[in-house]
Amino acid sequence: MRRLGSVQQKIPCVFQTEVKEEPSRKRDCQQFQVVATANVNPVALEADVDCALATEKLDGTCCYVTVYKGQPYLWARLDRKPNKQAEKRFKKHQYAHRSCKGFTWNVEEDFKTVPETWIPAHRVKHHSGHPVPDEHGHIPGWVPVEKDNKQYCWHSSVVDYELGAALVLRPGADDEDVLEIAAVPLADLVEQTLELIGTNVNGNPYGLGSKKQPVHCLVSHGSVRIRNPPPVDFQQLSSWFQESPEGRVEGIVWHCNDGTLIKVHRHHLGLRWPDGETCLGERPVVVHVDGTVDEYDNSKDLFTSFSRLNGQCFGRLRDVRFDS
């Protein structure tokens with residue numbers, strides 16, 4: 001099996017893009033939006049995207065597992081962003097040129113401070129010892145998820161550092177059509193990136209849990225495969241997103257044989273997201289959190305709740321509930 005790429009940087013679109021003179025759907029205060037053309041991106045052609053593994057692009061927040069304090073830790077995505085003055089200069093440049101290109105940053109002075117524990121993402125370019133921002137003016141990076149940090153309470157709910165475990169949603173080993181929620185050793189996830197999805201993340205497009213009983217879990221990038229992906233063709237992809245039951249996803253990420261990642265998002269094609277029921281939310285799921293309830297009594301509430309559901313099957317992921 002090919003090694004799946006980890007998401008450390010912005011992933012290029014499978015199509016070449018152009019600027020449209022209308023407000024962005026994704027970025028506030030941006031008076032233009034980037035949309036796909038029908039031309040396939042040369043980067044995708046060079047990476048042989050037609051032979052790549054097509055996987056579901058998940059709508060959550062990106063996470064990373066690596067060692068911290070001598071043990072595997074979950075890290076939250078934290079991009080280092082410009083301060084107000086630099087942001088104002090950058091927006092002015094964007095508006096004047098309809099592009100991010102050509103703007104000059106003062107890397108030492110233009111960016112907000114970040115926690116001392118912050119690390120830049122892999123492959124971030126450096127100049128004179130300082131990490132350099134990407135075309136959007138961000139420096140991608142990570143910060144460890146400490147259990148007492150309220151800002152990352154939903155991240156914290158899916159890991160238990162004492163047990164060295166994480167709550168992971170993945171396709172079943174025996175039947176890929178059935179998902180499973182399992183307590184997985186964090187050591188098995190080291191150097192992987194994952195998506196945190198759930199009740200309090202990105203408007204919860206998958207319908208997980210409720211305000212009273214939030215449900216969150218991690219999904220390894222590349223683990224949810226698209227079995228019969230359409231060809232890399234603008235019209236066929238657009239039709240697939242709108243007409244196929246498998247197309248009720250935020251987008252596709254192709255994992256190419258050389259490690260390159262390529263994506264397409266519904267927004268690139270001018271399509272809404274979410275748009276009705278999602279493919280992931282409608283899939284059946286079984287809970288395999290088989291630690292005893294006693295083992296989790298001093299642990300996180302989510303681990304305890306899932307351990308009480310051990311062995312139970314639900315017809316849809318969105319039906320997972322902890323009600324007695």
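These values consider heavy atoms only, across backbone and side chains, with no hydrogens, waters or symmetry-generated copies.
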Trp154, Phe303, Tyr152 screened by ring pair (Phe, Tyr, Trp, His ring centres under 6.0 Å) with His216, the one that passes | Trp154
Check whether any side-chain heavy atom of [X] lies under 4.5 Å from a side-chain heavy atom of [Y], and answer yes or no.
X: Val232; Y: Asp50; answer: yes
X: His126; Y: Pro131; answer: yes
X: Cys62; Y: His221; answer: yes
X: Val168; Y: Leu189; answer: yes
X: Thr37; Y: Gln16; answer: yes
X: Thr61; Y: His155; answer: yes
X: Asp134; Y: Pro140; answer: yes
X: Pro115; Y: Leu78; answer: yes

Give me the atom names and distance for the closest heavy-atom approach of [X] to [Y].
X: Cys63; Y: Leu218; value: SG-CD2, 4.0 Å
X: Gly281; Y: Arg316; value: O-CB, 3.5 Å
X: Val224; Y: Leu280; value: CG1-CD1, 4.3 Å
X: Pro205; Y: Trp273; value: CB-CZ2, 4.0 Å
X: Asp59; Y: Tyr206; value: N-OH, 2.8 Å
X: Pro82; Y: Phe111; value: N-CD2, 3.6 Å

Strictly distance-based, threshold 3.5 Å: is any side-chain N or O of [X] a donor or acceptor partner for the main-chain N or O of [Y]?
X: Arg248; Y: Pro245; answer: yes
X: Asn41; Y: Cys13; answer: yes
X: Ser239; Y: Gln236; answer: no
X: Asn83; Y: Glu109; answer: yes
X: Ser307; Y: Val289; answer: no

May I ask whether [X] and [Y] are part of the same hydrophobic cluster, defined by side-chain heavy atoms of I, L, V, M, F, W, Y residues being less than 4.5 angstrom apart, directly or through others?
X: Val43; Y: Leu237; result: yes
X: Tyr161; Y: Val67; result: no
X: Leu167; Y: Val178; result: no
X: Val286; Y: Val219; result: no
X: Leu45; Y: Ile252; result: yes

Crowding at CD, Glu46 (>12 non-hydrogen neighbours, <6.0 Å) | no
Which side-chain N or O atoms in residues 170-177 pair as donor and acceptor under 3.5 Å with protein atoms at least two apart or in another chain?
{"residue": "Arg170", "atom": "NE", "partner": "Glu180", "partner atom": "OE2", "Å": "2.6"}
{"residue": "Arg170", "atom": "NH2", "partner": "Glu180", "partner atom": "OE2", "Å": "3.0"}
{"residue": "Asp175", "atom": "OD1", "partner": "Asp177", "partner atom": "N", "Å": "3.0"}
{"residue": "Asp177", "atom": "OD1", "partner": "Arg227", "partner atom": "NH1", "Å": "3.1"}
{"residue": "Asp177", "atom": "OD1", "partner": "Arg227", "partner atom": "NH2", "Å": "3.2"}

Tell me, please, which residues at least two apart from [X] pass ring pair (Phe, Tyr, Trp, His ring centres under 6.0 Å).
X: Trp240; answer: none
X: Phe306; answer: Phe322
X: Tyr68; answer: Tyr73, Trp75
X: Phe15; answer: Phe234

Salt bridge (Lys or Arg N to Asp or Glu O under 4.0 Å) between Lys69 and Glu146, intermediate numbers included = CA-CA 11 Å; Lys69 295 182 178 177; Glu146 304 274 19; 3.5 Å; yes
Just how far is it from atom [atom1] of [X] to atom [atom2] of [Y], taken to the nearest 0.5 Å?
X: Thr117; Y: Asn149; atom1: OG1; atom2: CG; answer: 9.0 Å
X: Leu194; Y: Leu74; atom1: CG; atom2: CG; answer: 7.5 Å
X: Leu309; Y: Ile181; atom1: CG; atom2: CD1; answer: 8.5 Å
X: Ile139; Y: Trp105; atom1: CD1; atom2: CH2; answer: 9.0 Å
X: Lys147; Y: Ser156; atom1: NZ; atom2: OG; answer: 8.5 Å
X: Cys217; Y: Leu208; atom1: SG; atom2: CG; answer: 6.0 Å

Check the pair Lys57 / Val253 against side chain to side chain contact (heavy atoms under 4.5 Å, CB included), numbers first and verdict last.
-> CA-CA 6 Å; Lys57 183 184 186 302; Val253 177; 3.8 Å; yes
Side chain to side chain contact (heavy atoms under 4.5 Å, CB included) test vs His255 passes for just one of Leu261, Thr260, Ile262, namely Leu261
For Val35 and Glu18, what are the C-alpha separation, side-chain angles and deciding distance, and is it a side chain to side chain contact (heavy atoms under 4.5 Å, CB included)?
-> CA-CA 6 Å; Val35 296; Glu18 64 182 11; 3.9 Å; yes
Using a strict 4.0 Å threshold on nitrogen-to-oxygen distance, state whether Asp79 and Arg77 make a salt bridge.
-> yes
Pair Arg318 + Glu277: basic N to acidic O under 4.0 Å = yes
Glu56: salt bridge (Lys or Arg N to Asp or Glu O under 4.0 Å) partners, not counting sequence neighbours = none
Using the side chain to side chain contact (heavy atoms under 4.5 Å, CB included) rule, take Thr278 and Leu317 through it: C-alpha gap first, then chi angles, then the decisive distance, then the call.
-> CA-CA 10 Å; Thr278 63; Leu317 177 63; over 6 Å; no
Tell me, with the steps shown, if Ser238 and Leu271 meet side chain to side chain contact (heavy atoms under 4.5 Å, CB included).
-> CA-CA 8 Å; Ser238 184; Leu271 303 176; 4.3 Å; yes
Can the ring centres of Tyr64 and His122 be said to be less than 6.0 Å apart?
-> yes
Identify which one of Thr104, Asn106, Asp110 satisfies the side-chain hydrogen bond (donor to acceptor under 3.5 Å, both in side chains) criterion when paired with Arg89.
-> Asp110
With Glu250 as partner, the option from His265, His267, Arg266, Lys263 fulfilling side-chain hydrogen bond (donor to acceptor under 3.5 Å, both in side chains) is His265
Go through the side-chain N and O atoms of Thr66 and Glu191 and say whether any donor and acceptor fall under 3.5 Å apart.
-> yes
